[in-house]
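Note on naming: letters A, B, ... go to the chains in the order of the sequence lines (proteins, then strands), and numbering restarts at 1 for each one. Note that the structure is a prediction, hence the values are computed from the model and not measured.
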Protein chains: 2
Amino acid sequence: MAKHQTDLDHVFLALGDPTRRAILERLAAGPLSVTELARPFAMALPSFMEHLKKLENAGMISSDKDGRVRTCALVPGAFAPARDWLAAQKHLWEARLDRFDAFVTQLAKDPNE
Amino acid sequence: MAKHQTDLDHVFLALGDPTRRAILERLAAGPLSVTELARPFAMALPSFMEHLKKLENAGMISSDKDGRVRTCALVPGAFAPARDWLAAQKHLWEARLDRFDAFVTQLAKDPNE
DNA sequence: GGAATAGTTAGGGATATGGCTAAACATCAA
DNA sequence: TTGATGTTTAGCCATATCCCTAACTATTCC
């Protein structure tokens, strides 16, 4: 299996689970403790913690323990790698459309070629 | 495990693998047959086909068989679900920053509150 | 101190993922 | 019609994922 997972892999894989996306959505409103974060989810805490671990591993959330309470927060720029890759992809696609357009224009100008 | 995978799940999970991202990058330049698509990858064809199947399943590529050749193409708007979710997330985050800003401004105006 | 609260560790189970080889089709070309 | 070409099917293996319960540790509060 994939031995060298890049940041991008981790980020996209982290986003590929509805629980984790919901966690991120919740954290967008502000930091929360693990228990508060977990409250809406019908899931045992250890399972929930695994999701947090993956998000932290992907660099998308940070967490800090104070006393017995661990507080989680969204990392600014958490989505940048994903957005950047998608933007690059969009450019590739548009470049291709431009080439196609140029090709069609050329054809119209010079139908016998 | 997740029984009801949404489109978003499929799209993000599809993007979470470097082989599949490379396939998409390659297809951005134009449609290709399976064998041509596969050429740069050091992987047995059946393994490669699994990746194609996942991309098609996620609605990101389409394919058509003519004779013995299957040609794959990027689906226009393949990335829309991913980009939309990320954009929504960005708005949430900015709304939160705005609230924080308003709070700080209020504090500065009325320090005793 | 003793009880409640917040997380963590350990271990297990079902299914999914990402890879392989070998063999089967299907079609085109000579 | 025979052989080469382009997939496709079948079946297997190792590891990862996502979920669970039970038991443990560390704090805080009365």
Distance, rounded to the nearest Å, where [X] contributes [atom1] and [N] contributes [atom2]:
X	N	atom1	atom2	result
A:Arg70	C:dT9	CZ	C1'	14 Å
B:Glu50	C:dA16	CD	P	13 Å
B:Lys53	C:dT17	NZ	C1'	13 Å
B:Ile23	C:dG18	CD1	P	11 Å
B:His51	C:dA16	NE2	C1'	13 Å
B:Leu45	D:dT8	CG	C1'	10 Å
A:Asp9	C:dT17	CG	C1'	13 Å
B:Met49	C:dG19	CE	C1'	15 Å

Practice item. Indicate whether OP1 or OP2 belonging to D:dC18 is found under 4.0 Å from a side-chain N or O atom of A:Ser47. Key: no
Review point. So does B:Thr35 get a side-chain nitrogen or oxygen closer than 4.0 Å to the phosphate oxygens (OP1/OP2) of D:dG6?
Key: no
Practice item. Kindly indicate, with the supporting measurements, whether the criterion side-chain contact (heavy atoms from CB on, under 4.5 Å) is fulfilled by B:Leu13 and A:Leu15. Key: CA-CA 8 Å; B:Leu13 290 175; A:Leu15 292 175; over 6 Å; no
Check your understanding: Is a side-chain N or O of A:Asp17 found less than 3.5 angstrom from the main chain of A:Arg20, in a donor-acceptor match?
Key -> yes
Point to revise | For B:Cys72, the option from B:Leu32, B:Ile23, B:Leu52, B:Asp64 that meets side-chain contact (heavy atoms from CB on, under 4.5 Å) | key: B:Leu52
Review point. Starting at the 5' end of DNA chain D and moving along, which residue's nearest nucleotide shows up first, A:Lys65 or B:Glu36?
Key: B:Glu36
**Study point:** Residue closer to the 5' end of DNA chain D, A:Arg68 versus A:Lys54 (nearest nucleotide)
**Key:** A:Lys54
Check your understanding: Looking only at heavy atoms, what is the nearest atom pair of A:Leu55 and A:Ala14, with distance?
Key -> CD2-CB, 4.0 Å
Exercise for review: List the atom of B:Phe79, the atom of A:Leu86, and the distance in Å for their closest heavy-atom pair.
Suggested key: CD2-CD2, 3.6 Å
Review point. Of the candidate nucleotides C:dT27, D:dT21, D:dT7, which contains the atom at the shortest distance from the side chain of B:Val34?
Key: D:dT7
Check your understanding: Counting side-chain heavy atoms from C-beta on, which of D:dC20, C:dA6, D:dT8 comes nearest to A:Met43?
Key -> D:dC20
